[in-house]
A.B. asks: 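Before anything else, here's the structure in question.
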Amino acid sequence: MDWKRAKKIIILALIILNAALFFTNRYYNSDYRLTQAEEEAVYKLLYQNGIGIYTELIEDYKPMKQLDVTVTSPDVDELKSMFFDDGENVETEVEFDQVILRSYSARLTAEDSKLSYVCPTGAGELSGVGKDAAKRLSDSFIKKMGDSYSEYVLDRITYKNGGYQLEYYEYYKGYKIFCNYCIFFIDDSGIRTIESENYDINGFTEESRDICASSEAVLTYIYSDKDGNNKGKFIEDMEIGYDLRESEQIVEGSKIRLVPCYCIYMINDDEPFIVYAYTNTAKNSTQTQAADTAAQGAQ
């Protein structure tokens, strides 16, 4: 047998097989990719409604599963060690489902998976000035918050109200978890506020379900503007990840399901416009708004 010729035939057959698999995959997955015509139609509608866009649409929208998480509340003693200095006099107060820790200079409110920390005089010391100094301080503080926050990633820094807002989020299997966040507000005085929410991730569950395309989510944003208030605004960024449903009941120890969502970020808007990807319906996001409210309360 001519082994040299046989080897060439085998290599050629493998190349043909791989090519066939590639085009078959492209064919069967074409239903889950935006077409150029769809993109152009969205850009045209944005232009007609006076809305600009500085980012690209998300091209892929393959089916996604729900994400199973557990609601957990941190231990009170752990909270004291995280947010207050050793030897500091800290009073503990329980109000319904809330635990409030209060010292002379700061106040911490814990409810289920949420934490809200306010320190009007500023906590921690800045090593320098500007954005980098704020990042060093928030990085060092989030390490003190334990293993639950060890996988959090600094996602964005925004200058506002004379300081910096630094937003950390957790990612799971490449997807951003919008409801697992830790948002710092830091100015020259140090850390003024921290707003966080954390759920223990158990993994994906049930079967994958179809989601809407990013173009459809943008259309939901366009048509949600009944009074024309969005004219002159600009879409800065767009992401897909997981978030809570508005109707979800948050009870300590309970397991809940996160669903796929699109987040549409607008320039000069404090909170993103969130669209449920299964149903292509809008959600009112409150996490950034809560951080802003706390920041204003600290001033």
Side-chain angles (χ1 to χ4, degrees), residues 69-124 134 137-150 152 155 158 160-161 163-170 177-187 189-200 243-254 256 258 270-271 283-299:
V69 299
T70 302
V71 182
T72 57
S73 295
D75 181 82
V76 173
D77 290 333
E78 290 180 354
L79 291 176
K80 286 183 181 179
S81 65
M82 290 178 192
F83 291 91
F84 300 93
D85 295 331
D86 292 338
E88 189 173 5
N89 184 28
V90 180
E91 297 179 357
T92 302
E93 181 181 345
V94 178
E95 294 182 359
F96 301 104
D97 295 331
Q98 292 185 343
V99 175
I100 301 172
L101 303 179
R102 187 185 290 107
S103 72
Y104 175 77
S105 60
R107 171 191 172 106
L108 174 69
T109 304
E111 182 177 1
D112 296 322
S113 293
K114 297 182 180 181
L115 298 175
S116 178
Y117 174 78
V118 178
C119 183
T121 57
L137 181 55
S138 61
D139 282 345
S140 64
F141 197 96
I142 202 169
K143 289 178 182 177
K144 291 173 52 181
M145 295 175 67
D147 293 339
S148 296
Y149 295 87
S150 62
Y152 278 46
D155 198 71
T158 308
K160 60 196 309 181
N161 300 326
Y164 292 94
Q165 180 169 290
L166 302 95
E167 302 177 30
Y168 293 77
Y169 290 87
E170 185 171 10
I177 312 303
F178 297 118
C179 56
N180 274 12
Y181 61 90
C182 189
I183 301 176
F184 293 80
F185 179 76
I186 298 175
D187 62 14
S189 302
I191 299 172
R192 301 287 292 275
T193 66
I194 302 173
E195 294 289 328
S196 76
E197 195 167 355
N198 179 270
Y199 300 88
D200 291 340
D243 203 358
L244 294 163
R245 290 171 290 203
E246 285 178 301
S247 59
E248 201 71 67
Q249 294 294 318
I250 308 299
V251 180
E252 182 182 357
S254 64
I256 55 180
L258 305 185
D270 290 330
E271 56 180 323
K283 171 190 176 179
N284 257 332
S285 177
T286 58
Q287 66 196 48
T288 308
Q289 186 177 22
D292 291 339
T293 300
Q296 292 169 5
Q299 294 175 354

A.B. asks: Restricting to salt bridge (charged side-chain N to carboxylate O under 4.0 Å, His left out), what partner residues turn up for Asp155, sequence neighbours left out?
C.D. replies: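 Checked Asp155 against salt bridge (charged side-chain N to carboxylate O under 4.0 Å, His left out); matches are Lys176.
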A.B. asks: Quick check: do Leu244 and Leu258 have side-chain heavy atoms less than 4.5 Å from each other?
C.D. replies: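 SC-SC contact between Leu244 and Leu258 confirmed.
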A.B. asks: Between Cys182 and Ile194, which heavy-atom pair has the shortest distance, and what is it?
C.D. replies: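 In this case the closest contact between Cys182 and Ile194 is SG-CG2, 3.7 Å.
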A.B. asks: Could you tell me whether the side chain of Arg245 reaches within less than 4.5 Å of the side chain of Ile256, counting heavy atoms only?
C.D. replies: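 Ile256 vs Arg245: side chains apart.
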A.B. asks: Pairing donors with acceptors under 3.5 angstrom, does anything connect the side chains of Ser116 and Glu195?
C.D. replies: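 Yes, side-chain donor-acceptor contact under 3.5 Å.
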A.B. asks: Roughly how far apart are Ile100 CD1 and Leu108 CG, rounded to 0.5 Å?
C.D. replies: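 Answer rounded to 0.5 Å: 9.5 Å.
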A.B. asks: Starting at CG of Asn180, measure out to OG of Ser113 and round the result to the nearest 0.5 Å.
C.D. replies: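 So the CG of Asn180 and the OG of Ser113 are separated by 8.0 Å.
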A.B. asks: Which atom pair, heavy atoms only, marks the closest approach of Phe185 to Asn161?
C.D. replies: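 Heavy atoms of Phe185 and Asn161 come nearest at CZ-O, 3.7 Å.
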A.B. asks: Report, one line per pair, each donor and acceptor closer than 3.5 Å where one atom sits in a side chain of residues 87-94; sequence neighbours left out.
C.D. replies:
unit_1: Glu88; atom_1: OE1; unit_2: Asp85; atom_2: N; d: 2.9
unit_1: Glu88; atom_1: OE2; unit_2: Ser103; atom_2: OG; d: 2.9
unit_1: Glu93; atom_1: OE1; unit_2: Arg102; atom_2: NH1; d: 3.2

A.B. asks: If I take atom CG from residue Asp112 and atom CD from residue Glu197, how far apart are they, to the nearest 0.5 angstrom?
C.D. replies: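 Going from CG on Asp112 over to CD on Glu197, the span is 9.0 Å.
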A.B. asks: Applying side chain to side chain contact (heavy atoms under 4.5 Å, CB included), can you list everything that pairs with Glu78, at least two apart in sequence or on another chain?
C.D. replies: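 Side chain to side chain contact (heavy atoms under 4.5 Å, CB included) check on Glu78 returns Asp75, Met82.
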A.B. asks: Minimum heavy-atom separation for Ala134 to Ile186, with atom names?
C.D. replies: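 Shortest heavy-atom contact: O-CD1, 3.4 Å.
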A.B. asks: Would you give the length of the straight line joining atom CD of Gln165 to atom OG1 of Thr193, rounded to the nearest 0.5 angstrom?
C.D. replies: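 Interatomic distance, Gln165 CD to Thr193 OG1, rounded to 0.5 Å: 7.5 Å.
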A.B. asks: Has Asp187 got a side-chain atom pairing as donor or acceptor with Ser189's backbone, closer than 3.5 angstrom?
C.D. replies: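 Present.
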A.B. asks: Look only at the side chain of Arg192 and the backbone of Pro120, and say whether a donor-acceptor pair between them is shorter than 3.5 Å.
C.D. replies: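 Yes, the answer is positive, given that a donor and an acceptor are paired below the 3.5 Å cut-off.
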A.B. asks: Quick one: list whatever passes ring pair (Phe, Tyr, Trp, His ring centres under 6.0 Å) with Phe84, sequence neighbours left out.
C.D. replies: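 Ring pair (Phe, Tyr, Trp, His ring centres under 6.0 Å) check on Phe84 returns nothing, list empty.
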A.B. asks: Residues in side chain to side chain donor-acceptor pair (under 3.5 Å) with Tyr164, at least two apart?
C.D. replies: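 Here no residue qualifies.
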A.B. asks: Among residues at least two apart in sequence or on other chains, which ones pass side chain to side chain contact (heavy atoms under 4.5 Å, CB included) with Ser81?
C.D. replies: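 If we apply the side chain to side chain contact (heavy atoms under 4.5 Å, CB included) test to Ser81, skipping adjacent residues, there are no hits.
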A.B. asks: Hey, could you give me each pair passing side-chain hydrogen bond (donor to acceptor under 3.5 Å, both in side chains) that has a residue in residues 140-150? Not counting sequence neighbours.
C.D. replies: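 Applying side-chain hydrogen bond (donor to acceptor under 3.5 Å, both in side chains) to every pair that reaches into residues 140-150, excluding sequence neighbours, yields Tyr149-Ser196.
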A.B. asks: With a 4.5 Å limit on heavy-atom distance, are the side chains of Tyr199 and Val71 in contact?
C.D. replies: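 Sidechains of Val71 and Tyr199: in contact.
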A.B. asks: Ring centroid separation for Phe83 and Phe141, is it under 6.0 angstrom?
C.D. replies: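 Yes: the rings meet the under 6.0 Å criterion.
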A.B. asks: For the CG atom of Leu137 and the CZ atom of Phe184, what is their distance to the nearest 0.5 Å?
C.D. replies: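 Interatomic distance, Leu137 CG to Phe184 CZ, rounded to 0.5 Å: 8.0 Å.
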A.B. asks: Taking the side chain as C-beta and beyond, is there a heavy-atom pair between Leu79 and Leu115 under 4.5 Å?
C.D. replies: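 In contact.
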A.B. asks: Please report the interatomic distance CG(Asn198) to OG1(Thr70), rounded to the nearest 0.5 Å.
C.D. replies: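 If I round to the nearest 0.5 Å, the distance is 11.0 Å.
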A.B. asks: Would you please name every residue forming a salt bridge (charged side-chain N to carboxylate O under 4.0 Å, His left out) with Asp139, sequence neighbours left out?
C.D. replies: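 In terms of salt bridge (charged side-chain N to carboxylate O under 4.0 Å, His left out), with neighbours along the sequence ignored, Asp139 is linked to Lys135.
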